[in-house]
Amino acid sequence: MSLKDTAIQDQVKSYYGKRLKRSEDLQSNVSCSKHCTPLSKSARDAMTLIHPEVTERYFGCGLVVPEGLEGCNVLDLGSGSGRDSYILSKLVGPNGHVTGVDMTDELIEVSRKFISYHQEKFSYKEANIEFIQGYIEMLGAAGIQNNKFDVLISNCVICLCPDKKAVFEEAYRVLKEGGEMYFSDMYASETLDEKLKEDSMLWGEGLAGALYWKDLIGLVKECGFSTPYLVTASHIKIHKDELLQKTGVVKYASGTYRFFKLPFDGETRKACVAYRGTVTDHQDELMFDSSHTFQKDKAVEVDGELAMVLKTSRFATHFVIQPTECEAPVNDGIQQYCHLNPFTLADKQGSSTRKCAKT
Ligand SMILES: C[S@@+](CC[C@H](N)C(=O)[O-])C[C@H]1O[C@@H](n2cnc3c(N)ncnc32)[C@H](O)[C@@H]1O
């Protein structure tokens with residue numbers, strides 16, 4: 001990591017550790033509520049059990065609660081005060097485990113303070129959560145081994161990291177085969193001017209380091225992952241005029257994407273799949289992403305990559321998967337990725353903004 005990258009990390013650390021005390025102190029927010037995607041009953045129940053001091057220092061920009069987490073080993077990249085980590089520690093159950101990694105002393109301290117509190121609230125014999133202080137670009141230095149996790153989550157963190165490739169390479173290394181990265185982050189409507197990257201407040205708010213959304217696709221594929229799937233998106237509103245003047249014509253959106261570590265030699269053949277209705281809280285249908293919702297017992301054809309995702313991930317037991325004869329075309333043109341544009345999806349979902357803001 002370059003000296004400049006270290007200086008950015010120090011600024012971000014000070015922004016979250018010293019300057020921001022509560023969620024409301026952020027100068028940019030998602031325009032829809034943070035709970036715009038329907039949240040499962042189990043997740044809603046878990047959220048009510050989280051200690052208020054943890055919730056008060058929540059700085060995320062989306063919801064990172066993927067389905068089917070029972071028994072999973074989960075890693076939260078940039079866990080902050082630990083809100084999402086604690087919600088997931090309830091959802092994975094006593095046989096699962098959650099590890100949170102964060103670089104900022106003050107936030108790691110808050111997250112660690114409430115481990116026994118939540119263990120009691122969740123009625124667990126032993127705590128199933130730990131928080132490690134470290135950098136997500138260097139998970140090895142934080143003691144995190146290869147092929148260890150079923151699921152990685154992250155909420156509004158990668159936009160704060162100067163070296164995103166290092167983050168995705170580490171994410172790939174520590175995930176098991178079939179494992180999933182499911183994360184919310186801020187994206188820009190275009191490639192950012194280098195001048196924006198000089199400003200410490202823009203870095204702190206995630207506005208200087210947000211990826212142009214199309215760049216995410218190439219980057220994660222280069223690191224070995226499947227094509228990303230876009231789950232949900234919202235527009236981001238910047239409140240401070242001073243920041244708006246600096247960002248100019250650039251627009252920002254929050255997007256939740258999911259992608260998978262697939263086997264190298266996996267077959268990319270189309271398949272006919274039928275959801276069994278067995279994922280907790282999703283008996284009738286499973287919304288996989290904004291383009292695929294699987295109805296219980298209804299067979300549908302999926303492309304080769306999605307077939308492999310369903311076959312090799314924790315979703316395998318929840319689907320009947322049968323090969324079809326034809327070979328799937330390889331998807332490689334960037335033009336084919338317009339369904340992954342968070343701005344377009346945020347426009348579509350915008351009509352429900354007012355309704356979900358009350359949730
Ligand atoms: C916007 S806050 C989000 C925190 C948490 N995910 C949440 O939703 O409340 C960003 C967090 O990322 C952490 N962070 C930023 N860059 C990091 C890095 N390179 N390594 C580890 N943590 C980092 C910060 O310390 C901060 O806690």
Side-chain angles (χ1 to χ4, degrees), residues 1-2 4-30 34-35 43 47 50-65 74-89 98-112 114 129 131-144 152-171 174 181-187 200-211 236 252 254 256:
M1 217 175 314
S2 71
K4 198 167 166 237
D5 288 358
T6 319
I8 291 169
Q9 284 176 332
D10 288 344
Q11 284 171 11
V12 169
K13 227 190 250 188
S14 154
Y15 201 74
Y16 285 92
K18 306 219 171 349
R19 184 176 173 141
L20 303 184
K21 300 291 175 216
R22 290 173 312 143
S23 316
E24 295 76 32
D25 296 338
L26 277 168
Q27 301 300 318
S28 44
N29 302 107
V30 285
K34 285 154 191 161
H35 317 302
M47 209 182 271
I50 307 304
H51 194 284
E53 212 178 303
V54 167
T55 312
E56 187 175 59
R57 293 189 85 167
Y58 165 71
F59 298 121
C61 56
L63 278 168
V64 286
V65 187
V74 176
L75 176 66
D76 182 358
L77 301 174
S79 44
S81 64
R83 192 201 76 159
D84 295 329
S85 299
Y86 280 119
I87 292 174
L88 265 54
S89 85
V98 177
T99 306
V101 175
D102 201 283
M103 66 180 183
T104 304
D105 306 61
E106 290 84 350
L107 291 172
I108 276 284
E109 200 181 305
V110 176
S111 65
R112 285 180 177 158
F114 297 103
I129 191 163
F131 293 98
I132 299 176
Q133 186 159 18
Y135 292 93
I136 62 173
E137 299 85 342
M138 297 188 292
L139 292 173
I144 299 196
L152 260 56
I153 60 156
S154 183
N155 198 342
C156 219
V157 178
I158 298 172
C159 57
L160 303 171
C161 298
D163 188 352
K164 293 168 187 18
K165 187 158 188 239
V167 175
F168 290 123
E169 282 173 348
E170 278 293 80
V174 304
M181 168 110 185
Y182 185 105
F183 75 110
S184 283
D185 209 355
M186 287 169 59
Y187 294 93
S200 63
M201 195 187 224
L202 288 182
W203 264 109
E205 292 285 322
L207 302 168
L211 270 177
I236 287 176
Y252 291 89
S254 112
T256 303

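Note that these values count all heavy atoms, side chains included, but never hydrogens, waters or copies made by symmetry. None of these values were measured; they are calculated from a predicted model. Both counts, for ligands and for their atoms, begin at 1 and track the order of listing.
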With F59 via ring-ring contact (aromatic ring centres under 6.0 Å, His included) - residues at least two apart: Y16

Residues K165, E169: salt bridge by 4.0 Å N-O rule: yes

Per-atom contacts of ligand 1 with Q9, taking only distances under 4.0 Å to non-hydrogen atoms: 19 (N)

Any S81 heavy atom less than 4.0 Å to ligand 1: no

Minimum-distance protein heavy atom relative to atom 10 (C) of ligand 1: L160 CD1, 3.4 Å

Within reach of ligand 1, part of Y16 (heavy-atom separation under 4.0 Å): side chain

Atoms in ligand 1 flagged as close to C161, the criterion being non-hydrogen separation under 4.0 Å: 16 (N), 19 (N)

Approximate separation, where rounding is to 0.5 Å, of I236 CD1 and S254 OG: 5.0 Å

Whether G134 lies under 4.0 Å from ligand 1, heavy atom: yes

N or O contact, Y135 vs ligand 1, cut-off under 3.5 Å: no

Min heavy-atom dist R83 to ligand 1 below 4.0 Å: no

For ligand 1, the portion of V167 having any non-hydrogen atom under 4.0 Å away: neither

For atom 11 (C) of ligand 1, the protein heavy atom that lies nearest, with its residue and separation: D102 OD2, 3.7 Å

Atoms in ligand 1 flagged as close to G60, the criterion being non-hydrogen separation under 4.0 Å: 7 (C), 8 (O), 9 (O)

Shortest protein contact, atom 20 (N) of ligand 1 (heavy atom only): I136 N, 3.1 Å

For atom 17 (C) of ligand 1, the protein heavy atom that lies nearest, with its residue and separation: M103 SD, 3.5 Å

Side chains of E137 and P162 in contact at under 4.5 Å (non-hydrogen atoms): yes

